[in-house]
Trainee: 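Let me give you the structure first, and then I'll get to my questions.
All values derive from a computational prediction rather than experimental measurement. First listed ligand is number 1; within each ligand, the first listed atom is number 1.
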Amino acid sequence: MRTLLIIGAGDIARRALPQLTRHWRVIVLLRDPEKARLWREGGAMPLLADLDVGRSLSRLAGLADAVLYTAPPPDSGNQDPRLRKVLSQLAKTASLPQRIVYISTSGVYGNAAGEWLDETHPLQPQSPRAQRRVDAERQLRAFAMLHSCALTILRAPGIYAANRLPLSRFASQTPLIDADEDSISNHIHADDLARLCVAALQQTRGGIRIYNASDSQPLPVGTWYDKLADTLGYPRLPRLPRAQVQQRVSPGLWSFMAESRRLSNTRLLRELPGCLHYPTVDTLLAELRT
Ligand SMILES: NC(=O)c1ccc[n+]([C@@H]2O[C@H](COP(=O)([O-])OP(=O)(O)OC[C@H]3O[C@@H](n4cnc5c(N)ncnc54)[C@H](OP(=O)(O)O)[C@@H]3O)[C@@H](O)[C@H]2O)c1
């Protein structure tokens with residue numbers, strides 16, 4: 001059995017694990033020893049290391065045939081030093097991974113003023129958070145080209161699931177933008193993103209391939225929150241003109257709210273078929289109503 005190294009022992013990796021252990025011997029990088037038992041019970045072999053501590057990564061070299069990388073860059077700066085450390089370790093032996101699957105974000109596109117965009121759209125990162133992701137993508141491309149390693153980048157929009165809903169916005173009563181000025185966004189169910197990771201790891205194609213790892217229904221942000229409120233029986237959140245919302249929310253939240261784009265998932269549907277069990281948020285909302 002081939003060996004898969006998971007870097008980023010979080011929600012998506014955990015959801016993918018039952019499918020991954022059918023095909024791979026799975027090693028999972030953990031920084032928290034307390035989580036080791038959970039992963040062992042799921043069939044993975046824990047390897048304790050911290051992406052922020054270079055010397056803890058020395059055992060990564062020559063370990064795996066493939067890597068699933070789902071850890072985010074750090075919270076500051078405009079680069080991803082975590083990934084840089086990992087790639088430099090992986091390159092230290094002749095036995096390199098033949099395939100890397102990486103979860104990026106659709107934030108790398110920046111604001112597209114509500115336009116449709118596919119994977120060929122130029123990257124225009126407008127926040128440091130998105131710049132760090134662009135840096136990560138660039139590092140991976142360079143590594144893949146230099147070492148003839150297959151690379152899949154999954155650019156995910158907002159991830160949601162029944163236990164991953166943005167309920168804090170209702171608690172804080174954060175206002176939404178008036179419908180006629182609202183931004184457009186896409187979503188991806190966490191289980192669908194996990195299925196996409198599994199399918200991408202199973203691909204046999206070489207080279208570099210990028211996918212908008214998105215559902216099929218771009219939505220005005222306020223429509224998503226209205227649907228959620230109606231489903232959960234909450235009052236809808238207040239609406240305000242765009243300029244007033246910007247004054248009332250943190251710069252970090254505004255950087256999410258301000259960007260508007262419609263992601264095309266045509267390539268994903270064609271090349272990674274069968275992964276989207278939640279083609280629209282309505283599928284989950286219907287489940288929540290039953
Ligand atoms: N939230 C969204 O809507 C959204 C949208 C697009 C893309 N994404 C990205 O999609 C990816 C997968 O999402 P997810 O929900 O699975 O994320 P998650 O649950 O937060 O998992 C990320 C994992 O990375 C690990 N990690 C972070 N820093 C580390 C370090 N220094 N050393 C070792 N491990 C470290 C975390 O470890 P600990 O468990 O120890 O904290 C965590 O388990 C993430 O990169 C996320 O940023 C998220």
Side-chain angles (χ1 to χ4, degrees), residues 5-17 20 27-39 42 44 46-57 59-60 67-77 80-86 89 100-109 125 127-137 139-140 152-169 185-198 200 210-215 219 221 224 252-253 255-257 259 261 263 265 278 281 284:
L5 172 63
I6 295 178
I7 299 180
D11 185 40
I12 302 304
R14 194 187 46 73
R15 288 170 190 263
L17 187 63
L20 292 173
I27 298 175
V28 60
L29 185 150
L30 296 175
R31 63 176 164 179
D32 180 358
E34 298 214 338
K35 295 187 179 152
R37 205 181 93 201
L38 188 75
W39 285 88
L47 184 155
L48 286 179
D50 186 328
L51 299 174
D52 294 324
V53 181
R55 65 179 184 284
S56 74
L57 303 173
R59 284 179 297 159
L60 297 190
V67 174
L68 172 60
Y69 194 108
T70 70
D75 290 336
S76 60
D80 187 350
R82 291 178 175 163
L83 181 62
R84 187 162 286 111
K85 287 190 202 100
V86 168
Q89 284 300 330
I100 298 178
V101 173
Y102 177 77
I103 301 183
S104 181
T105 85
S106 55
V108 294
Y109 294 118
S127 66
R129 190 182 58 249
Q131 283 162 5
R132 295 192 283 275
R133 289 292 185 175
V134 170
D135 175 65
E137 291 195 8
Q139 290 185 48
L140 285 161
T152 303
I153 294 175
L154 300 169
R155 290 184 180 147
I159 303 170
Y160 73 99
N163 64 352
R164 248 188 113 149
L165 295 171
L167 301 183
S168 61
R169 294 278 285 272
S185 70
N186 279 81
H187 303 86
I188 183 76
H189 191 285
D191 287 338
D192 285 351
L193 185 53
R195 273 185 280 273
L196 286 164
C197 292
V198 175
I210 297 176
Y211 297 94
N212 287 338
S214 167
D215 69 6
L219 272 183
V221 174
W224 163 229
L253 178 56
S255 75
F256 282 108
M257 294 180 85
E259 294 186 3
R261 53 190 168 254
L263 296 178
N265 65 359
Y278 295 85
V281 296
L284 177 75

Trainee: Does either side chain, that of Asn186 or that of Asp215, offer a donor lying less than 3.5 Å from an acceptor on the other one?
Mentor: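 Asp215 and Asn186 do have a side-chain donor-acceptor pair below 3.5 Å.
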
Trainee: Tell me, please, whether Tyr69 has Arg82 positioned over its six-membered ring: NZ or CZ under 6.0 Å from the ring centre and within 45 degrees of its axis?
Mentor: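 No, a cation-pi geometry is absent between Arg82 and Tyr69.
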
Trainee: Tell me which residues fall inside the under-4.0 Å heavy-atom shell around ligand 1.
Mentor: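 Those residues closer than 4.0 Å to ligand 1 by some heavy atom are Gly8, Ala9, Gly10, Asp11, Ile12, Leu29, Arg31, Lys35, Asp50, Leu51, Asp52, Thr70, Ala71, Pro72, Arg82, Ile103, Ser104, Thr105, Arg133, Ala156, Pro157, Gly158, Ile159, Arg164.
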
Trainee: Which donor-acceptor pairs under 3.5 Å do side chains of residues 28-37 form with protein atoms, sequence neighbours excluded?
Mentor:
{"from": "Asp32", "atom 1": "OD1", "to": "Glu34", "atom 2": "N", "distance (Å)": "2.9"}
{"from": "Arg37", "atom 1": "NE", "to": "Glu41", "atom 2": "OE2", "distance (Å)": "3.1"}

Trainee: Closer than 4.0 angstrom, basic N to acidic O: yes or no for Asp11 and Arg15?
Mentor: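 Salt bridge present between Asp11 and Arg15.
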
Trainee: What I want to find out is whether Asp192 reaches Arg195 closely enough, with some N-O distance under 4.0 Å, to be called a salt bridge.
Mentor: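 Judged by the 4.0 Å cut-off on N to carboxylate O distance, Asp192 and Arg195 do form a salt bridge.
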
Trainee: Using every non-hydrogen atom in the two residues, find where Gly107 and Glu259 come nearest and quote the distance to one decimal.
Mentor: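 That closest heavy-atom pairing would be O-OE1, 4.1 Å.
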
